[in-house]
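The structure appears right after this line, and notes come after that.
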Amino acid sequence: MDETGITEGLNTAVVGREVRVLTEVGSTNTVAMELAANGAPNGTVVVAERQTAGKGRLGRHWISPNGNLYFSVILRPEIPLRSAPAITLMGAVAVATAIRQATALPAAIKWPNDIQLAGKKVCGLLTELSAGQDGIRHVVLGIGIDVNMDMAQLPPELRPIATSLATEAGRIIDRTALLRAALQALDIWYARFLTDTGCVLAAWQGLNITTGRRVAVTGAGRQLEGLAERIDDEGRLLIRGDDGALHTVSAGDVTVLSSRNDISASL
Ligand code: BTN
């Protein structure tokens with residue numbers, strides 16, 4: 001991938017006005033956080049062919065061989081800190097939409113930030129930010145999409161739960177075209193997020209496979225089972241526990257235990 005191929009004719013107001021393509025980095029998020037701290041403009045994108053220290057949620061490693069997409073977007077939103085988690089939801093809406101447009105595959109979102117195909121993870125998003133007394137300084141939205149990787153490079157324990165776009169489509173996917181679609185979608189959804197977060201949450205609702213289902217949540221120091229009712233205005237998941245209490249979950253791993261039909265049949 002090269003900068004000209006990514007940016008030529010790209011019709012965006014903010015996202016991708018500046019793009020840096022690197023062959024190998026530790027983590028595009030780390031590079032983007034450094035660039036942001038040094039004044040890189042709003043919307044700057046860092047793309048890498050591979051990462052040696054890719055970061056996942058909850059301190060996990062993100063396996064990052066050649067063939068996929070790894071990119072991070074610097075954003076400078078003037079919003080309260082409590083609204084920042086919704087940026088990840090905005091990113092998931094944009095990327096799921098772009099995958100649908102570029103591949104015609106039915107990408108869906110699993111709370112909070114996984115994009116799935118056929119019940120398997122194909123993309124993850126990791127948001128990092130710097131904030132001080134004066135509020136948010138900058139946000140980095142990092143996105144990893146398994147596109148054309150050799151699936152044998154995944155450890156055996158991940159193979160049943162992960163997939164790639166090429167696997168699902170049965171053909172090699174044009175990464176530059178997909179990245180351009182993602183940057184264009186991010187530009188549109190970020191502008192909407194700044195003016196009308198409700199419209200982003202509604203779009204997330206329409207693309208998600210978590211709400212309306214029985215789920216189990218683990219990690220972040222808790223274990224909980226119940227019905228995922230909805231997300232709140234800040235993107236937290238509201239789960240009706242088996243004790244009848246409504247639990248607000250802001251981090252953790254969700255396993256979907258039932259289909260939506262199972263739930264309605266049991267009501
Ligand atoms: C997850 O655990 O689901 C989030 C994975 C996020 C991976 C992407 S790849 C590009 C960016 N750089 C990183 O180090 N992580 C994110």
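In listed order, ligands and their atoms are each counted from 1. The basis for the numbers below is simple: all heavy atoms, side chains too, and nothing from hydrogens, waters or symmetry mates. The chain is numbered in sequence order, starting from 1.
Val122 is not listed as a side-chain neighbour of Gln116, based on a closest heavy-atom distance of 4.5 Å or more.
Sorted by first and then second residue, the pairs that involve residues 145-159 and meet side-chain hydrogen bond (donor to acceptor under 3.5 Å, both in side chains), not counting sequence neighbours, are Asn68-Asp146.
His138 places no side-chain N or O within 3.5 Å of a backbone atom of Leu129 that could act as its donor or acceptor partner. Asp114 places no side-chain N or O within donor-acceptor distance of the main-chain N or O of Lys121, the cut-off being under 3.5 Å.
Pro77 meets the side chain to side chain contact (heavy atoms under 4.5 Å, CB included) test with Leu75, Ile79, Ile87, Val139, Tyr190, Leu194; sequence neighbours excluded. The side chain to side chain contact (heavy atoms under 4.5 Å, CB included) search around Leu246 returns Glu229, Leu238, Arg240, not counting sequence neighbours.
For ligand 1, the protein residues within 4.0 angstrom (heavy atoms only) are Ser27, Thr28, Asn29, Gln51, Gly54, Lys55, Gly56, Arg57, Trp62, Tyr70, Phe71, Ser72, Asp114, Lys121, Gly124, Leu125, Leu126, Gly142, Ile143, Gly144.
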